[in-house]
Protein chains: 2
Amino acid sequence: MLTKKRHQLILELLAREEVVKMQTIVDQTGASESTIRRDLSQLEAAGHLRRVHGGATANHLQIDEPSYFEKSDRFVEEKDRIAQAAADLIEDGMYVYLDAGTTTLAIVPYLEQKAITVVTNSLPLANTLLYHRIPTFVVGGQLKHSTQALVGYNAREGMLIYHFDVAFLGMNGVHPTQGFTTPDPEEALVKKTAIELAKKSYVLVDETKLDEISFSRVASLRAATIITTTSSEQEAKYSQYTEVVNAK
Amino acid sequence: MLTKKRHQLILELLAREEVVKMQTIVDQTGASESTIRRDLSQLEAAGHLRRVHGGATANHLQIDEPSYFEKSDRFVEEKDRIAQAAADLIEDGMYVYLDAGTTTLAIVPYLEQKAITVVTNSLPLANTLLYHRIPTFVVGGQLKHSTQALVGYNAREGMLIYHFDVAFLGMNGVHPTQGFTTPDPEEALVKKTAIELAKKSYVLVDETKLDEISFSRVASLRAATIITTTSSEQEAKYSQYTEVVNAK
DNA sequence: AAAAAGTTGAACGATTTTGATTGATTTTTA
DNA sequence: TAAAAATCAATCAAAATCGTTCAACTTTTT
């Protein structure tokens, strides 16, 4: 197998799995461990991944995430269903805003065949969009460590030059009377700005976020449609306040 | 089989597979290895594909710089010396601009102990800075695939709100009379803007870039100090035009 | 028909890539 | 904590691939 082909394969594996073991790559390529080591060094030097003991990670993976060789498949299925429901709402020609977050990240693979332009404030999103060859603009601003998102006043200013057909946002708290909330005020500012600039906004949350309240208010429930997977009682309850899509 | 027919077949294979082995082409055409080598050379010269060891790869972006992993192994030591020399120029409290590029990427590990703020237009740089926990701002703009950098008009606009004590730039061409050059005009605009906004600018290049001219002009040699590793003759020659730091 | 120009494939040494091996380092296990 | 296991970087020789040269052959020009 050609060097280039191997590199391609490695990056593909990383785009799918976030983390790959050395042995996996060796098996998939049929090359020796030495060769894969060299490949990983080169790809790291070029800034395409990060080596870790035992393999490599996508260079946007939070390194202090616990035990990253095990899949945290608890909500992975749920996330994927939500992401798919969101992707179905996107049509060719649209300008789409994708907020930072693991659920919005899960949308990207479903965008590959669509002729759209994406704007994001998330580094992991940008990396993944790049890999999937989707035309992308990144909002400038201060890089926040914990979420790897670009936030703050500069980010808001940078966004104001764009307008979106649709915006997809992650959120930490969704509550009937307190609306959408998130821990960091600077991040809240960015989310709020995105909603202002979009013709239509969707908030993607797994059911653990429902009935939760976080520190900073982003907007009232009216401002966006909720996409989630939850019981029909919860769905009925929230439907009183705004549109709800149940991706169950 | 006619030359024309062979060329057509090769391009067809590449349209389907992205990467093609020499042996595959030999088998499909029935021609000798030598002939296929010649074909590949010609097609590369015409800009229709890119040769790699063992075969060829598709060249979707017709006019573009050498791909990301080229030379990344051979010049790794040289790059590191250049990066170290650059890092030595950075003092606590500085606001630093780091341009996209593998040499600037190599600076980051040396910044860990310094109390600085970094601004960059490069996704890999941003990821690595994040990893090393260095306060970072990212310039917004259009995400360019081949270099993973943020470029274009929006990037320039986003930069204008900052001012830098020092800027470190990668470059593709350095020439006594033609100055600093780079293949992509949109990237050139960003580099030029960085130089304008910085009190002092440094261009980091391995010696293969000296005496080279690329498509888009960034600035004259006077605009920045060159950090490189090269012979004393080259050093003397370029010292006539601007300050040169030889990291040998 | 002869000469010139262009292709081709084989052969060669030079270069690059590869995989096995070593001892050092890191992680896991006890 | 210490021993065992796994993974690592560095090295080196074998294998694959490379560019170049050259003679045989084909096509075009004169």
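Each chain gets a letter, A, B and so on, in the order its sequence line appears, and its residues count up from 1. The basis for the numbers below is simple: all heavy atoms, side chains too, and nothing from hydrogens, waters or symmetry mates.
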Quiz prompt | salt bridge (charged side-chain N to carboxylate O under 4.0 Å, His left out) partners of A:Lys114, counting only residues at least two apart | solution = none

Quiz item: In whole Å, what is the span from the CD1 atom of A:Ile36 to the P atom of C:dT17?
Solution: 15 Å

Exercise. With axes from five pairs an end, tell me the bend angle of the helix from C:dA1-D:dT30 to C:dA30-D:dT1, nearest 10°.
Key: 30°

Show me the protein contacts with nucleotides 16-22 of chain D, counting only N or O atoms at under 3.5 Å.
from	atom 1	to	atom 2	distance (Å)
D:dT17	O3'	B:Gly54	N	3.2
D:dC18	OP1	B:Gly54	N	2.7
D:dC18	OP2	B:Arg37	NH1	2.3
D:dC18	OP2	B:Arg37	NH2	3.2
D:dC18	O5'	B:Arg37	NH1	3.0
D:dG19	OP1	B:Arg51	NH1	3.3
D:dG19	OP2	B:Arg51	NH1	3.1
D:dG19	OP2	B:Arg51	NH2	2.9

Quiz prompt | Check ion pair B:Asp165-B:Lys200 (N to O, under 4.0 angstrom) | solution = no

Self-check item: ring-ring contact (aromatic ring centres under 6.0 Å, His included) contacts in which one or both residues fall within residues 81-124 of chain B, not counting sequence neighbours
Solution: B:Tyr97-B:Phe164

Practice problem: Output all residues satisfying salt bridge (charged side-chain N to carboxylate O under 4.0 Å, His left out) with B:Glu33, sequence neighbours left out; order by chain, then residue number. | Solution: B:Arg37

Exercise. Among C:dA10, C:dG19, C:dT18, find the nucleotide with the atom closest to the side chain of A:Thr3.
Key: C:dT18

Practice problem: Assign each of A:Gly30 and B:Asp39 to its nearest nucleotide of DNA chain C by heavy atoms, then name whichever residue's nucleotide is nearer the 5' end. | Solution: B:Asp39

Practice problem: Would you mind listing every ring-ring contact (aromatic ring centres under 6.0 Å, His included) that reaches into residues 203-248 of chain B, with sequence neighbours excluded? | Solution: none

Quiz item: Which whole-number value in Å describes the distance from A:Gln42 CD to C:dT16 P?
Solution: 13 Å

Exercise. Please report the shortest heavy-atom distance between B:Ser239 and B:Glu235, naming the atom on each side.
Key: OG-O, 2.6 Å

Self-check item: A:Lys209, NZ atom: more than 12 neighbouring heavy atoms under 6.0 Å
Solution: yes

Quiz item: Tell me: CD of A:Glu44 to C1' of D:dA9, nearest whole Å?
Solution: 13 Å

Quiz item: Does C:dG9 have OP1 or OP2 sitting under 4.0 Å from an N or O in the side chain of B:Thr35?
Solution: yes

Quiz item: Name the one of A:Asn127, A:Leu11, A:Ile10 that satisfies side-chain contact (heavy atoms from CB on, under 4.5 Å) with A:His48?
Solution: A:Leu11

Practice problem: Please report, rounded to the nearest Å, how far the P atom of C:dT18 is from the CE atom of A:Met1. | Solution: 11 Å

